[in-house]
*Asks:* 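Below: one structure in structure tokens.
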Amino acid sequence: AGALTINAPTSTGNSLVTCATSATGIFTVTGAASITGNSTSTGAVTLGMLTCALDVNGLMTITGGTNATGDAEITASTGTINFNAGLTFAGTLGNSRLTTSGANIINLIGTVNGAGTLSLTAGTLLKTTGASVINAAFTTWKNIEVVSGTTTLGAAQTVTGLQVDNGAIFASFTYLLTNTCAGTGVNGFTINGTYSGSGGVTLDTATCTIDGTGSVTNTGTFTLTNDKTVAATANLSVGGSASDVTVTAGTTTNNGIFTVAGSGGLTGAGGWTNAASSTLNTSGAGATAISITTFTATANLNTVKYNSAAGAQTVPSTTYHHLEIDKTAQVATLGGAITTNGNLTISSGTLDTDSINSYPVNVAGNWSNLGTFTPNSSLVTFNAVAIGKTINSGGTVAGKTFYDITFNSGTGGWTIQTNNLKTTRNLTITNVNDLTLESGRTLEVDGTYSIADIETAATTWTGSTLYLNSGTAYTVGAKTQS
């Protein structure tokens with residue numbers, strides 16, 4: 001058809017234009033299409049597609065009649081519906097209807113105007129392409145997939161799933177999106193493109209999976225309620241410049257790579273757990289990167305990175321597995337004692353133990369300093385439970401030295417390698433399985449060097465130098481040295 005117009009009948013009764021039962025053809029309208037409900041007599045006006053596809057290349061207008069039963073409606077069971085130039089709900093909006101009874105796909109190019117009545121079954125997917133706009137507020141969309149181009153919100157929306165494909169943009173402007181997601185992919189919250197705006201995002205319900213390799217640059221609050229899961233395949237950046245990720249209740253479990261990019265950091269009364277092999281980046285400019293009530297990052301091989309290059313950050317007191325400081329020209333300051341069950345790495349920037357409190361640091365893995373370490377008067381304890389650990393101090397100039405060091409684990413083994421190591425005060429060997437100073441390296445102790453007599457056989461100094469530089473006499477093991 002070039003254009004399609006279905007008007008209300010002049011007498012009482014329903015008006016039905018329908019696809020034949022079990023037919024699978026395509027009903028194509030090359031121009032505009034309109035359906036008008038009844039305002040003068042009772043009866044609905046229905047375009048029933050059943051299993052057929054509907055392809056409308058002009059504007060589709062559904063005008064509800066003023067009569068209580070004056071519905072104007074498009075219905076479909078499994079057929080695909082293509083609105084290629086927009087969709088307008090008009091007239092009495094409660095009688096202006098789009099209804100599905102199966103897992104339909106609705107393809108949209110253009111603008112949706114008017115808050116008509118959506119009666120969509122679970123699994124119905126709205127796929128948008130090009131420049132598409134949803135101007136009216138709906139609470140009954142099911143899943144939305146932004147395939148390409150930019151889809152813009154002109155009102156707040158509630159969906160049961162959102163997926164933004166690679167290269168596509170979902171622009172919410174100032175409007176809130178509530179996602180009562182209950183699955184993965186289009187049934188969850190999957191961002192492979194960009195989610196922009198300032199209206200914020202709320203992910204509700206307890207079975208939603210967060211995934212994607214794109215970015216949420218929305219400057220509103222990213223709110224998580226109930227338990228959530230970040231997929232192992234995720235590498236997602238969340239947060240505009242001034243936003244935060246807030247877990248109001250339940251626990252979000254991160255299995256992938258999740259970046260908190262807003263200055264508000266990770267906060268809320270709920271919990272965040274880094275699962276095994278996951279990574280949490282805190283790259284926002286705010287000083288308080290993590291202030292959530294319950295934060296758990298002890299799972300094997302997970303990493304927490306403080307990596308804002310835009311400002312100083314506080315590292316909260318907790319037990320980490322791997323901890324990395326990667327803050328070009330910026331400082332991360334301890335907010336309390338920390339323990340790493342894995343490695344502590346300073347890739348760039350400064351790790352400061354706090355000049356007032358000199359919080360202690362416990363390291364059960366490797367130590368690597370490619371940036372700056374400010375030890376103040378802090379004790380660093382190496383307490384690995386396994387052999388094969390390495391210590392690369394980065395050198396003996398300012399920003400590379402330690403204050404106090406203690407080795408204390410009868411099953412732990414360390415090699416001081418790559419660079420010389422210096423403590424400006426004491427080094428104590430209480431209990432080790434083995435401790436090796438790499439050949440050609442120098443260990444300088446400017447305070448007291450002490451080793452339990454029973455541990456001397458566990459140390460290896462071949463081709464290396466132990467430089468005791470205190471300037472005072474003291475006892476090393478059972479001998480007096482100066």
Side-chain angles (χ1 to χ4, degrees), residues 76-82 100-109 112 118 120-130 132 134 138-153 157-172 176-197 200-218 222-239 245 247 250-259 273 275 277-279:
S77 56
T78 58
T80 297
I81 300 174
N82 301 321
T100 65
S101 59
N104 296 83
I105 294 176
I106 303 171
N107 292 305
L108 172 69
I109 303 172
V112 178
L118 300 176
L120 307 179
T121 56
T124 298
L125 175 62
L126 174 67
K127 302 178 73 169
T128 63
T129 57
S132 298
I134 303 175
F138 291 99
T139 60
T140 50
W141 285 118
K142 296 305 178 183
N143 303 335
I144 296 178
E145 179 182 1
V146 183
V147 178
S148 63
T150 299
T151 294
T152 302
L153 293 188
Q157 304 292 321
T158 297
V159 299
T160 59
L162 175 69
Q163 177 172 308
V164 181
D165 292 345
N166 187 33
I169 298 172
F170 186 79
S172 71
L176 173 69
L177 178 82
T178 300
N179 189 350
T180 59
C181 42
T184 62
V186 295
N187 298 299
F189 184 81
T190 304
I191 309 298
N192 291 310
T194 301
Y195 186 127
S196 64
V201 183
T202 295
L203 303 187
D204 208 346
T205 70
T207 55
C208 183
T209 296
I210 301 165
D211 202 356
T213 57
S215 59
V216 179
T217 60
N218 193 291
F222 189 83
T223 302
L224 303 173
T225 66
N226 303 302
D227 294 345
K228 297 288 181 294
T229 299
V230 179
T233 51
N235 186 353
L236 189 63
S237 175
V238 175
V245 175
V247 183
T251 297
T252 296
T253 301
N254 175 28
N255 295 282
I257 301 172
F258 192 96
T259 299
T273 296
S277 301
S278 66
T279 298

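Every heavy atom of this structure was used, including side-chain atoms; hydrogens, water molecules and symmetry mates were not. Source: prediction; values computed, not measured.
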*Asks:* Atom CD1 of I105 and atom OG1 of T78: how far apart are they, to the nearest 0.5 Å?
*Replies:*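 Separation between the atoms: 10.5 Å.
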*Asks:* My understanding is that only one of T233, T190, N235 makes a side chain to side chain donor-acceptor pair (under 3.5 Å) with D211; could you say which?
*Replies:*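 Between D211 and the candidates, side chain to side chain donor-acceptor pair (under 3.5 Å) is satisfied uniquely by T233.
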*Asks:* N107 pairs by side chain to side chain donor-acceptor pair (under 3.5 Å) with which of T80, T128, T129, N82?
*Replies:*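 When side chain to side chain donor-acceptor pair (under 3.5 Å) is applied between N107 and each of T80, T128, T129, N82, only N82 qualifies.
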*Asks:* Are the side chains of T140 and L120 in contact, using a 4.5 Å heavy-atom criterion?
*Replies:*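 Side chain of L120 against side chain of T140, heavy atoms only: no contact under 4.5 Å found.
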*Asks:* Does N192 reach the main-chain N or O of T213 with its side chain, forming a donor-acceptor pair under 3.5 Å?
*Replies:*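 The answer is yes, because a donor-acceptor pair under 3.5 Å joins these two groups.
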*Asks:* Determine whether a donor-acceptor pair (N or O, by modelled atom type, separation under 3.5 Å) exists between the side chain of T121 and the backbone of G102.
*Replies:*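 Indeed, once roles are kept as given, a pair shorter than 3.5 Å links the two residues.
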*Asks:* Establish, from distance only, whether the side-chain atoms of T160 and N143 form a donor-acceptor pair under 3.5 Å.
*Replies:*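 There is such a pair (donor and acceptor under 3.5 Å, judged by atom type) between the side chains of T160 and N143.
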*Asks:* Is there a side-chain contact between L203 and I210, using heavy atoms and a 4.5 Å cut-off?
*Replies:*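 In contact.
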*Asks:* What's the shortest heavy-atom distance between C208 and D204, and which atoms?
*Replies:*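 Smallest heavy-atom distance, with atoms named: CB-O, 4.4 Å.
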*Asks:* Between G79 and A76, what is the shortest heavy-atom contact and its length?
*Replies:*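 Reported closest heavy-atom pair: O-CB, 4.3 Å.
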*Asks:* Return the OG1 to CG distance between T151 and L108, rounded to the nearest 0.5 Å.
*Replies:*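 If I round to the nearest 0.5 Å, the distance is 7.0 Å.
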*Asks:* Within the 4.5 Å heavy-atom criterion, are Y195 and V238 side-chain neighbours or not?
*Replies:*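 SC-SC contact between Y195 and V238 ruled out.
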*Asks:* Within the 4.5 Å heavy-atom criterion, are T194 and T217 side-chain neighbours or not?
*Replies:*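 They are in contact (side-chain heavy atoms under 4.5 Å apart), so the answer is yes.
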*Asks:* Among L125, I134, V186, which residue meets the side chain to side chain contact (heavy atoms under 4.5 Å, CB included) test with I144?
*Replies:*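 In the set L125, I134, V186, the residue that makes a side chain to side chain contact (heavy atoms under 4.5 Å, CB included) with I144 is I134.
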*Asks:* If you compare all heavy atoms of S172 against all heavy atoms of G197, which two are closest, and at what distance to 0.1 Å?
*Replies:*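 Residues S172 and G197, closest heavy atoms: OG-CA, 3.7 Å.
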*Asks:* Shortest non-hydrogen contact from C181 to G161?
*Replies:*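 Where C181 meets G161 most closely, the heavy atoms are CB-CA, 4.4 Å.
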*Asks:* Measuring from atom CG of L126 to atom OG1 of T124, what distance do you get when rounded to the nearest 0.5 angstrom?
*Replies:*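 Separation between the atoms: 10.0 Å.
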*Asks:* Grab the two heavy atoms, one from A275 and one from T253, that are nearest each other, plus how far apart they are.
*Replies:*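 Scanning both residues completely, I find the closest heavy atoms to be CB-CG2, 4.0 Å.
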*Asks:* Once rounded to the nearest 0.5 Å, what's the spacing between atom CG of N179 and atom CG of L162?
*Replies:*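 If I round to the nearest 0.5 Å, the distance is 6.5 Å.
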*Asks:* What is the minimum heavy-atom distance between N104 and S77, and which atoms define it?
*Replies:*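 Scanning both residues, the minimum pair turns out to be OD1-O, 2.8 Å.
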*Asks:* Quick check against the 3.5 Å criterion: does N187 have a side-chain atom that pairs as donor or acceptor with the backbone of A182?
*Replies:*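 Here the side-chain-to-backbone pair does not exist.
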*Asks:* Is a side-chain donor or acceptor of N166 paired with a backbone partner of G193 at a separation under 3.5 angstrom?
*Replies:*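 Not at all, since once roles are kept as given, no pair shorter than 3.5 Å links the two residues.
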*Asks:* Working to the nearest 0.5 Å, report the span between CD1 of I81 and CD1 of I106.
*Replies:*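 The CD1 atom of I106 is 5.0 Å from CD1 of I81, to the nearest 0.5 Å.
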*Asks:* Are V216 and F189 side-chain neighbours, meaning at least one heavy-atom pair lies under 4.5 Å?
*Replies:*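 V216 reaches F189 side chain to side chain.
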*Asks:* If I take atom CD1 from residue I169 and atom OG from residue S148, how far apart are they, to the nearest 0.5 angstrom?
*Replies:*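 One finds 11.0 Å between CD1 of I169 and OG of S148.
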*Asks:* Could you check whether N226 and T205, counting side-chain N and O atoms only, form a donor-acceptor pair closer than 3.5 Å?
*Replies:*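 Short answer, no.
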*Asks:* Between the side chain of N218 and the main-chain N/O of G200, is any donor-acceptor distance below 3.5 Å?
*Replies:*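 Side chain of N218 to backbone of G200: a pair is present.
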*Asks:* Please check: side-chain N/O of T209 versus main-chain N/O of K228, any donor-acceptor pairing under 3.5 Å?
*Replies:*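 Such a contact is absent between T209 side chain and K228 backbone.
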